[in-house]
Amino acid sequence: MPADPDTDRADLDALRRGDETALNRLIARWERPLISFAFRYLGNSADARDLVAETFVRLYRNRERFDAESNLAAWLFTALANLCRNRYRWNRRHPTVALDSTENGAPAVSAQLHSEAPDPRAELQRVEMIEALEKAVAALPHDFRTTLLLCHYERLSHREIGAVLGCSERGIETRLRRARQQLRADLGHNWGT
């Protein structure tokens, strides 16, 4: 994750003054970690890219409202987390099926033919464990899921996560502990614990 708030502040200031290239620099710096977060939250690359683009549109529209001490990382992840929560809810109410998927979520036949996995049973078990983990993470409440994803995948500190979620560092620790407990409970039957 980009970790230079001074550069972010300078680019935000330039953007407020009308320097359009500052937005390009911000996008170049932040697009990858934001897409990574959104993809892990939603499990859909197209949705993740759409929401990240929407986040940058909102950044541009709200550029005048940022002050010199704005925490860009917190603002971006907060805006994106809210967009992800709304899209996740919408997707649950309006389910779709991908064209390249088959029943039971198995990969398409073309993907199976080109597989170079040495042991099909081990690969199947690994895929099933990953799917179970993804489902368990998706079943977490929004605050727990967002905290877990920002901590484990985006490597944000508890302080940075607290800024995104409007919570104390101690509250973040509690959310992480509860999220992990819920994952252990949900996944225990899959992994024999």
Side-chain angles (χ1 to χ4, degrees), residues 1-5 7-8 26-59 62 70-96 98 101 105 107 126-191 193:
M1 180 190 114
D4 187 7
T7 304
D8 289 338
L26 290 168
I27 290 171
R29 196 164 40 253
W30 285 100
E31 185 176 38
R32 175 172 252 138
L34 293 174
I35 287 174
S36 174
F37 170 78
F39 178 76
R40 285 187 175 92
Y41 194 107
L42 298 167
N44 181 307
S45 179
D47 283 348
R49 290 186 182 284
D50 288 347
L51 295 184
V52 169
E54 175 64 24
T55 301
F56 285 119
V57 167
R58 289 181 180 198
L59 173 66
N62 293 305
S70 293
N71 183 342
L72 181 65
W75 190 93
L76 289 171
F77 279 109
T78 300
L80 183 59
N82 289 331
L83 289 169
C84 286
R85 176 178 45 198
N86 293 340
R87 179 67 57 96
Y88 180 78
R89 288 177 181 166
W90 192 90
N91 287 345
R92 278 195 354 217
R93 288 189 301 262
H94 305 91
T96 60
S101 70
R126 186 185 72 76
V127 168
E128 287 175 347
M129 291 173 72
I130 290 171
E131 287 175 357
L133 179 61
E134 288 172 350
K135 285 180 184 177
V137 169
L140 290 172
H142 171 74
D143 290 340
F144 289 179
R145 182 178 348 155
T146 303
T147 303
L148 191 74
L149 293 175
L150 290 174
C151 179
H152 290 289
Y153 293 103
E154 301 308 320
R155 306 277 190 227
L156 268 67
S157 69
H158 291 184
R159 175 174 287 147
E160 291 169 321
I161 297 169
V164 170
L165 298 176
C167 185
S168 68
E169 290 181 53
R170 188 79 172 130
I172 296 302
E173 292 172 11
T174 301
R175 287 180 184 183
L176 283 171
R177 184 174 24 81
R178 289 181 181 165
R180 290 175 184 137
Q181 287 171 341
Q182 187 170 341
L183 287 176
R184 271 189 226 98
D186 292 347
L187 296 171
H189 66 281
N190 285 339
W191 288 324
T193 58

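Excluded from the calculations below are hydrogen atoms, water molecules and symmetry mates; all remaining heavy atoms, backbone and side chain alike, are included.
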Self-check item: Other residues, nucleotides, ligands: >12 heavy atoms within 6.0 Å of Arg93 CZ
Solution: yes

Quiz item: Between Arg177 and Glu173, is there a side-chain N and carboxylate O pair less than 4.0 Å apart?
Solution: no

Exercise. Taking atom CZ of Arg180 as the centre, report whether more than 12 heavy atoms of other residues, nucleotides or ligands fall under 6.0 Å from it.
Key: yes

Practice problem: Verify the neighbour count for atom CZ of Arg159: are there more than 12 heavy atoms of other residues, nucleotides or ligands below 6.0 Å? | Solution: no

Self-check item: Minimum-distance pair of heavy atoms, taken over all atoms of Val164 and Ala73
Solution: CG2-O, 4.2 Å

Practice problem: Scan Leu150, Thr146, Asp47 and name whichever one has a side-chain contact (heavy atoms from CB on, under 4.5 Å) with Tyr41. | Solution: Thr146

Self-check item: Nearest non-hydrogen partners of Phe37 and Leu149, listed with the distance
Solution: CE1-CB, 3.8 Å

Quiz item: Please walk me through it: do Lys135 and Glu131 pass salt bridge (charged side-chain N to carboxylate O under 4.0 Å, His left out)?
Solution: CA-CA 6 Å; Lys135 285 180 184 177; Glu131 287 175 357; 5.5 Å; no

Quiz item: Roughly how far apart are Glu169 CD and Ser157 OG, rounded to 0.5 Å?
Solution: 7.0 Å

Self-check item: Least distance between heavy atoms, Leu59 atom then Leu76 atom
Solution: CD2-CD2, 4.4 Å

Exercise. Taking the side chain as every heavy atom from C-beta outward, state whether Val137 and Arg40 have any pair of such atoms under 4.5 Å apart.
Key: no

Quiz item: Got a second to check how far Ile35's CD1 is from Thr55's OG1, nearest 0.5 Å?
Solution: 10.0 Å

Quiz item: Considering only heavy atoms from C-beta outward, does the side chain of Asn44 approach that of Arg87 to under 4.5 Å?
Solution: no

Quiz item: Considering only heavy atoms from C-beta outward, does the side chain of Phe77 approach that of Leu156 to under 4.5 Å?
Solution: yes

Quiz prompt | Crowding at CZ, Arg85 (>12 non-hydrogen neighbours, <6.0 Å) | solution = yes

Practice problem: Search all heavy atoms of Ile161 against all heavy atoms of Ile172 and return the closest pair with its distance. | Solution: CG2-CD1, 3.5 Å

Quiz item: Between CG of Leu34 and CG of Leu51, what distance do you get to the nearest 0.5 Å?
Solution: 11.0 Å

Quiz item: Given the rule in the side-chain contact (heavy atoms from CB on, under 4.5 Å) test, do Arg145 and Tyr88 qualify, once you have shown the distances and angles that lead to the verdict?
Solution: CA-CA 12 Å; Arg145 182 178 348 155; Tyr88 180 78; 3.5 Å; yes

Practice problem: Would you name the heavy atoms of Thr78 and Ala163 that are closest together and state the gap between them? | Solution: OG1-O, 4.3 Å

Quiz item: Got a second to check how far Asp50's CG is from Leu83's CG, nearest 0.5 Å?
Solution: 10.5 Å

Quiz item: Is any side-chain heavy atom of Pro141 closer than 4.5 Å to a side-chain heavy atom of Gln182?
Solution: yes

Exercise. Would you sort out whether Trp75 and Asn62 count as a side-chain contact (heavy atoms from CB on, under 4.5 Å), showing the intermediate values?
Key: CA-CA 11 Å; Trp75 190 93; Asn62 293 305; 3.9 Å; yes

Quiz item: Distance from Leu165 atom CG to Thr147 atom OG1, nearest 0.5 Å?
Solution: 4.5 Å

Quiz item: Are any side-chain N or O atoms of His152 and backbone N or O atoms of Leu148, one a donor and one an acceptor, separated by less than 3.5 Å?
Solution: no

Self-check item: Polar side-chain atom of Arg175 near backbone of Phe144 as donor-acceptor pair, under 3.5 Å
Solution: no

Quiz item: So, Ser36 versus Arg32: side-chain donor-acceptor pair below 3.5 Å or not?
Solution: no

Exercise. Provide the closest heavy-atom pair for Cys151 versus His158 in the form atom of the first, atom of the second, distance.
Key: SG-NE2, 4.5 Å

